[in-house]
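First the structure, in the form of structure tokens, and then the observations on it.
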Amino acid sequence: MIHQLADCMNENVPNSTNIWQFCVIFPKCIIGENCNICSHCLIENEVVIGNNVTIKSGVQIWDGIVLEDNVMVGANVSFTNDKFPRSKNENWELLRTKVCRGATIGAGSTILPGITIGENAFIAAGSVVTKDVPAGEVWLGNPARFYRKVDF
């Protein structure tokens, strides 16, 4: 289902995926089966979204970001893909970010560029992730740091 108020330029969105109102979906991104992309999201061209992914409202997925299967992205999560952003910088370097299978990113978190969030990792709401997060760990805070192993 693609809501009539979404701007979906991608012709390859599976029928099992929902894209809600006021989303902007670029034509070359890859979006998997059974995803739920809530209102006010933007997904650029060089993005891969796996199957069964939930992206809550107000999230922008910039070029170079991969969300593997069963990832949950909370509302207003901020991804980045440029370590040193400047307006009109033609020499900027795209840094790729990977969120591995089953990981959760809590609402309002910020994910710096070039980061890998491991399989089934859990990022607490409001965290600022500045380095790789190993699989199966809960991280929180600013900057985010290890809290405990995932046990849920």
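Annotation: the span from Met1 atom CE to Asn18 atom CG amounts to 4.5 Å, rounded to 0.5 Å. For the atom pair Ile65 CD1 and Ile115 CD1, the distance stands at 11.0 Å (nearest 0.5 Å). How far OG1 of Thr17 is from CD1 of Ile49: 9.0 Å, rounded to the nearest 0.5 Å. For the atom pair Cys41 SG and Ile61 CD1, the distance stands at 7.0 Å (nearest 0.5 Å). If you take CG on Asn36 and CE on Met72, they are separated by 9.5 Å, rounding to the nearest 0.5 Å. Residue Gln60 holds its CD atom at 11.5 Å from CG of Asn81, rounded to the nearest 0.5 Å.
At least one side-chain heavy atom of Ile117 sits less than 4.5 Å from a side-chain heavy atom of Ile111. In this structure, Ile105 and Val99 have side chains that are in contact, with non-hydrogen atoms separated by less than 4.5 Å. Using a 4.5 Å cut-off on side-chain heavy atoms (C-beta onward), Phe79 and Val73 make contact. Ile31 places a side-chain heavy atom less than 4.5 Å from the side chain of Ile25. Between Ile43 and Ile37, some side-chain heavy-atom pair lies under the 4.5 Å cut-off.
Residues in residues 142-152 take part in these salt bridge (charged side-chain N to carboxylate O under 4.0 Å, His left out) pairs, two or more places apart or across chains: Glu137-Lys149, Arg148-Asp151.
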May I have the step-by-step check of side-chain contact (heavy atoms from CB on, under 4.5 Å) for Ile30 and Asn12, ending in yes or no? CA-CA 8 Å; Ile30 297 170; Asn12 297 311; over 6 Å; no
Given side-chain contact (heavy atoms from CB on, under 4.5 Å), test Ile55 with Leu67 step by step and report yes or no. CA-CA 10 Å; Ile55 302 170; Leu67 307 178; 3.9 Å; yes
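Using a 4.0 Å cut-off between a side-chain N of Lys or Arg and a carboxylate O of Asp or Glu, Glu93 and Lys83 do not qualify as a salt bridge.
Residues Met9 and Ile2 fall within the same hydrophobic cluster, defined by Ile, Leu, Val, Met, Phe, Trp and Tyr side chains chained together at heavy-atom separations under 4.5 Å. Two different hydrophobic clusters hold Val48 and Val24 under the rule that ILVMFWY side chains link at heavy-atom gaps under 4.5 Å. Under a hydrophobic-cluster definition in which Ile, Leu, Val, Met, Phe, Trp and Tyr are linked whenever side-chain heavy atoms come within less than 4.5 Å, directly or via other members, Leu42 and Phe22 are assigned to different clusters. Using a 4.5 Å cut-off between side-chain heavy atoms of Ile, Leu, Val, Met, Phe, Trp and Tyr, with links allowed through other members, Val53 and Phe26 fall into the same hydrophobic cluster. Cluster membership for Leu140 and Val128, using ILVMFWY side-chain heavy atoms within less than 4.5 angstrom, is not shared.
Annotation for Leu95 and Gly114: closest pair CB-N, 3.7 Å, computed over non-hydrogen atoms. Between Glu119 and Cys100, the shortest heavy-atom distance links the atoms N-CB, 3.4 Å. Nearest approach of Ser127 to Trp139, heavy atoms of both residues: OG-O, 3.9 Å. Residues His3 and Trp20 share a closest heavy-atom pair of CB-C, 3.7 Å. Here the closest heavy-atom approach between residue Pro14 and residue Gly32 is recorded as CG-O, 3.4 Å. In plain terms, the two heavy atoms of Val13 and Asn10 that are nearest each other are N-OD1, 3.7 Å.
Within the 3.5 Å criterion, the main-chain N or O of Ala124 finds a donor-acceptor partner in the side chain of Ser109. At distances below 3.5 Å, not a single donor-acceptor pair connects side-chain atoms of Asn76 with backbone N or O atoms of Ala107. Side-chain atoms of Asn45 come within 3.5 Å of backbone N or O of Lys28 as a donor-acceptor pair. With hydrogens and angles disregarded, no donor-acceptor distance shorter than 3.5 Å links the side chain of Asn34 to the backbone of Asn52. For Asp69 (side chain) and Arg101 (main-chain N/O), no donor-acceptor pair under 3.5 Å exists by modelled atom type. Of the possible donor and acceptor atoms, none in the side chain of Glu44 sits under 3.5 Å from a partner among the backbone N and O of Trp62.
Taking a 6.0 Å sphere around CG of Asn89, one finds it holds more than 12 heavy atoms contributed by other residues, nucleotides or ligands. The environment of OH in Tyr147 is sparse: at most 12 heavy-atom neighbours from other residues, nucleotides or ligands sit within 6.0 Å.
Between Ser39 and Ser57, the side chains place a donor N or O and an acceptor N or O closer than 3.5 Å (distance only, hydrogens not considered).
The side chain to side chain contact (heavy atoms under 4.5 Å, CB included) test applied to Arg96 returns Glu46, Leu94, not counting sequence neighbours.
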